[in-house]
Amino acid sequence: MGEVIYPVTEPGEGSAGKTGNWRWQKPIIIIDKCVKCGLCWVYCPEPAIYLDKMGYPHVNYEWCKGCGICAHECPSKAIDMVSEYE
Amino acid sequence: MSRTKLVLTGNYASAYAVLHSRAEVVPAYPITPQTTIVEKIDEFIETGMLDATMVRVESEHSAMAVAIGASAVGVRTYTATSSHGLLYMYENLWWAANARLPIVATFVTRTLGPPWNIWSDHQDFMTLRDSGWILFMVKDAQEAYDLTIQAFKIAENPDVRLPVGIAYDAFVISHTAEPVELLTQEEADKFLPSPKAIQPLLDVDKPYSIGNLPKADYHYILRKNLWENILDAKNVIREVGKEYGELSGRDYSSLVEEYECEDADTVFISMGAMAGEGMDAVDKLRDKGYKVGHLTIRTYRPFPDHEIKTIAENAKRLIVFSRALSNGKGGILYDDVASTLYREGLRMETYDIIAGLAGTEVSEEDFMKIYHDVRSGKLDTGKSIFIRRGEYV
């Protein structure tokens with residue numbers, strides 16, 4: 001009898017490789033405006049945002065696809081989306 | 001504790017099988033003629049006989065979505081539907097198979113509209129032909145009970161891990177009461193132990209995602225793997241059927257049921273309720289000295305190629321009755337049988353009979369009329385022949 005292969009994946013690098021190079025715009029976090037609410041970290045679908053010990057968010061640009069959800073959700077407008085080509 | 005024999009409809013027989021299988025989650029949406037299955041299961045739950053959760057969903061699509069979630073965490077899961085409900089469930093039925101989830105479901109076959117029609121026709125069931133579900137079609141309430149219990153054991157086998165469907169004809173089986181012998185709960189528990197959570201997908205200590213985006217080459221391997229597993233499942237079905245036979249006295253070690261086939265030169269092939277009429281016709285034709293047999297296809301997927309080949313090698317002609325039609329092609333069961341013959345290198349007279357569409361009755365007289373018309377050369381081999389209540393249409 002053959003083994004059963006499940007369509008299951010464990011957390012790890014995706015089969016498409018590092019997805020940061022899909023990005024045409026990147027989020028820049030303006031720490032002075034940040035209120036440490038953590039919403040960018042909650043909403044990031046990858047997740048490519050991590051929080052440091054102080055609770056400030058940082059972007060992992062190797063995985064960030066530049067979708068802009070963090071900038072959209074940020075209540076204090078502390079995230080700017082900047083073109084990769086300018 | 002001794003066994004009980006109850007007078008049960010096919011639907012109540014299915015419900016008792018779910019009770020004795022100790023299913024834990026039953027998401028369902030009602031549709032005629034499936035409704036009385038899940039009503040009875042709900043009664044078992046409400047009276048404390050079955051420790052299960054009935055999830056009252058807003059559609060069949062959601063019913064199968066809940067079944068997928070429950071089965072993915074290793075919970076024994078059952079649902080049932082019919083006809084338009086089955087088609088509404090369709091996307092998730094394929095998802096369940098490709099996700100390798102051992103869900104068991106009953107499909108009470110019913111005509112697809114329009115026009116609106118609640119009577120039996122196998123067209124709804126046949127849409128699952130290529131889906132990866134293991135598919136049985138039974139011809140009485142006892143088989144519905146027996147195979148539903150076996151279905152969980154087959155589905156949960158670590159070498160199979162596929163959903164299993166048990167189908168039977170609307171009303172002729174679903175609502176017709178007949179004596180059914182039930183296992184005791186102790187016997188059922190011994191035959192069917194609690195399911196093992198092979199892939200606890202929602203285990204927070206070992207997170208997985210299911211159905212993630214794969215590369216095409218890897219996806220191809222998954223497809224090939226399901227293909228190999230469903231073919232290997234033939235032996236699992238036989239072994240489980242043999243074990244059930246030793247327990248119950250009713251043997252299921254073959255994928256098919258042969259009736260008077262040994263020396264037959266002409267063999268009828270059919271599935272579902274009409275198989276009973278086919279076997280009655282065999283008795284009457286045998287009384288007159290004709291060497292006729294009947295082959296009932298009980299396991300429809302994986303398809304019993306080997307069994308059909310064995311029958312075909314000893315016969316001169318096969319007459320296949322399909323209760324479902326591939327529009328623009330022919331009888332679906334006929335095409336299955338014909339392709340098996342071609343692949344096995346066998347050439348013989350074959351007849352494609354389309355009978356019982358839209359719930360029209362199929363009688364033993366229809367089988368006998370077809371037999372005599374075949375023998376007198378009135379019917380063409382390989383052509384789709386439509387018969388409705390004894391008349392060619």
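Every value quoted in this text rests on a predicted model; they were computed, and no experiment measured them. Below, chain A is the first sequence line, B the second, and so on; all start at residue 1.
- In this structure, B:Tyr220 places its OH atom where only 12 or fewer heavy-atom neighbours from other residues, nucleotides or ligands lie under 6.0 Å away.
- Within 6.0 Å of CH2 on A:Trp41 lie no more than 12 heavy atoms contributed by other residues, nucleotides or ligands.
- B:Tyr90 OH: more than 12 foreign heavy atoms inside a 6.0 Å radius.
- Heavy atoms only, all atoms of each residue included: B:Asn98 and A:Pro7 are closest at O-CG, 3.3 Å.
- Between B:Tyr218 and A:Tyr6, the closest heavy-atom pair is OH-O, 3.7 Å.
- Of the possible donor and acceptor atoms, one in the side chain of B:Asn225 sits under 3.5 Å from a partner among the backbone N and O of A:Ile5.
- A pairwise comparison of heavy atoms in B:Tyr208 and A:Val8 identifies CD2-CG1, 2.9 Å as the closest pair.
- Shown here is A:His58, whose NE2 atom has more than 12 heavy atoms of other residues, nucleotides or ligands within 6.0 Å.
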